[in-house]
Number of protein chains: 2
Amino acid sequence: MRSYGQYCPVAKGAELLGDRWTLLIIRELLFGPVRFNEFERGLPGISRSVLASRLRRLERDGIIERLGDGEGYTFTQVGETLRPVVRTIGDWVATWVIEDPRPAELDPELLMLFISRHIDREELPTGKTVLCFEFAEETRRIWLTMERQDVSVCLEDPCLPVAVRVRAPVRELYRVYMGRTSLRDALDNGSVVLDGLPADRRRFEGWMKWSSFAPTVQAAAAR
Amino acid sequence: MRSYGQYCPVAKGAELLGDRWTLLIIRELLFGPVRFNEFERGLPGISRSVLASRLRRLERDGIIERLGDGEGYTFTQVGETLRPVVRTIGDWVATWVIEDPRPAELDPELLMLFISRHIDREELPTGKTVLCFEFAEETRRIWLTMERQDVSVCLEDPCLPVAVRVRAPVRELYRVYMGRTSLRDALDNGSVVLDGLPADRRRFEGWMKWSSFAPTVQAAAAR
DNA sequence: CTGTATCCTCAAGGATACTG
DNA sequence: CAGTATCCTTGAGGATACAG
């Protein structure tokens, strides 16, 4: 991005954060170190050259740093201070502009990645717990294998016992994720269906923390 | 800007605010309604077509609205809620990344516009008060004509008595404006010189509020 | 796996002229 | 004054191949 040539904090902020993809790259780093190829999961559509260029610039600007040899990228101490900035922007959108997802935004894989980052690991039993998601729009299923140490998205059947099977249209699960509707309501009206032992279905609600912006979305809706 | 296709508040925020010039257009509106041609003063380098395109988009997105017939643009109620967002971004820059102005950023006209927006009008006497600024780098002078109702930048001699004449290098006045140094220190070491009656020179300090980010810059420097 | 290098295309955006 | 229309350029960014 060409500089604005203005000695102004707002202009500098726009230069540092305003490039296409940059804010999303920062969002990805909010959950810990990310390796080069990992970025592409959360940033569908970004090209490798743009990603490399953005990472180089963020590194040059002292916002991120490279960990040793293929360990990926993290925030520097300055980069860490961006957390409340990203939060403020997201909260503003969550309060004033967010609507239901548009058809072009109904990416189930991305949704699963989002969800996987908001599992309350403290609530998990020891060992592996597996969830299976079935979307009304497609036959493909997606699994979540969850442990205390790590939660990951599986596009192939992990061939492990499934604790809870979740069936829903992508749109409805996005709405629950974003706090546009409560899981309870979605279950009551049947747009989301859980299968599994009653005990597991009950604990399921404790595992799922949903989007960190969901409370903001709910507060705005209550207004 | 092409959409990211993500149902995510951060992504939506980047779409709404991340276009080149958009954040600066919003900054301009922070001080009240702005007419089409007025934007160009605070946005040197923007092209008319880009400005028109950005304004149309911000209007479509419900952030700004057009006042009747050549009265310019203002925030909508939603647009008003962007104030703390802009503040957060600016504060982050002011705290963590701002340095002294770079040579390419030493635009005296823009500095005078910035300063004119931060005059404490309550402190002005009734009638017109005129300041004259002389920059070490150039022979051209710039005047500030100040009244309770309005403060404006004059590039031509208003031919009125000057209360205080300010002489400084552009860089030093920018540093004072941004809180990188105090006016007191700049006067003490002679980088900024005031001419005028002692009473006016004393009151001058009360008129000048400098950048709203200056306190943040000072707080960061004290750390 | 972690990038870099190259090429090529398209569209954002700058300059200018023109109109209500 | 407040834009719109047109033209043209440049550089951002996508695709692909390649290298450590």
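Quick note: numbers below take in every heavy atom, side chains included, and nothing from hydrogens, waters or symmetry partners. Every chain is numbered from 1, with letters handed out A, B, ... down the list of sequences.
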Closest approach to the side chain of [X], judged atom by atom: which nucleotide of [options] is it?
{"X": "B/Phe36", "options": "D/dG3, C/dT6, C/dG13", "result": "D/dG3"}
{"X": "B/Ser49", "options": "C/dG13, D/dA15, C/dA15", "result": "C/dA15"}
{"X": "B/Ser47", "options": "C/dA15, D/dG3, D/dG13", "result": "C/dA15"}
{"X": "A/Asn37", "options": "C/dG13, C/dC1, D/dG14", "result": "C/dC1"}
{"X": "B/Arg56", "options": "D/dG13, D/dT4, C/dA15", "result": "D/dT4"}

Can you check the [X] [atom1] to [N] [atom2] distance for me, whole Å?
{"X": "A/Leu55", "N": "C/dT2", "atom1": "CG", "atom2": "P", "value": "12 Å"}
{"X": "B/Leu51", "N": "D/dT4", "atom1": "CG", "atom2": "C1'", "value": "12 Å"}
{"X": "A/Arg66", "N": "C/dC1", "atom1": "CZ", "atom2": "P", "value": "17 Å"}
{"X": "B/Trp21", "N": "C/dA12", "atom1": "CH2", "atom2": "C1'", "value": "14 Å"}
{"X": "A/Arg48", "N": "D/dG13", "atom1": "CZ", "atom2": "P", "value": "17 Å"}
{"X": "A/Glu40", "N": "D/dG13", "atom1": "CD", "atom2": "C1'", "value": "14 Å"}
{"X": "B/Arg41", "N": "D/dC1", "atom1": "CZ", "atom2": "P", "value": "9 Å"}
{"X": "A/Arg54", "N": "C/dT4", "atom1": "CZ", "atom2": "P", "value": "14 Å"}

Original post:
When all nucleic acid strands are considered with a 4.0 Å heavy-atom cut-off, which category describes B/Phe39: base, sugar-phosphate, or nothing?
Top reply: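 The answer is nothing, as B/Phe39 stays clear of every strand by at least 4.0 Å.
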
Original post:
Taking the six-membered ring of B/Tyr4, is NZ or CZ of A/Arg20 closer than 6.0 Å to its centre and within 45° of its axis?
Top reply: yes

Original post:
For B/Trp96, is the NZ or CZ atom of B/Arg223 found under 6.0 angstrom from the centre of its six-membered ring and inside 45 degrees of the ring axis?
Top reply: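 Yes, a cation-pi geometry.
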
Original post:
OP1 or OP2 of D/dA2 less than 4.0 angstrom from a side-chain nitrogen or oxygen of B/Arg35, does that happen here?
Top reply: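 Yes, because at least one side-chain N or O of B/Arg35 sits under 4.0 Å from OP1 or OP2 of D/dA2.
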
Subject >> B/Thr22 side chain to B/Gly18 backbone, donor-acceptor under 3.5 Å >> reply: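 It does not hold such a pair.
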
Subject >> Option from A/Arg117, A/Arg54, A/Arg41 for which salt bridge (charged side-chain N to carboxylate O under 4.0 Å, His left out) with A/Glu28 holds >> reply: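 Of the listed options, the one satisfying the test is A/Arg117.
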
**OP:** Output the distance between atom CZ (A/Arg66) and atom CG (A/Leu55), rounded to the nearest 0.5 Å.
**Re:** 8.0 Å

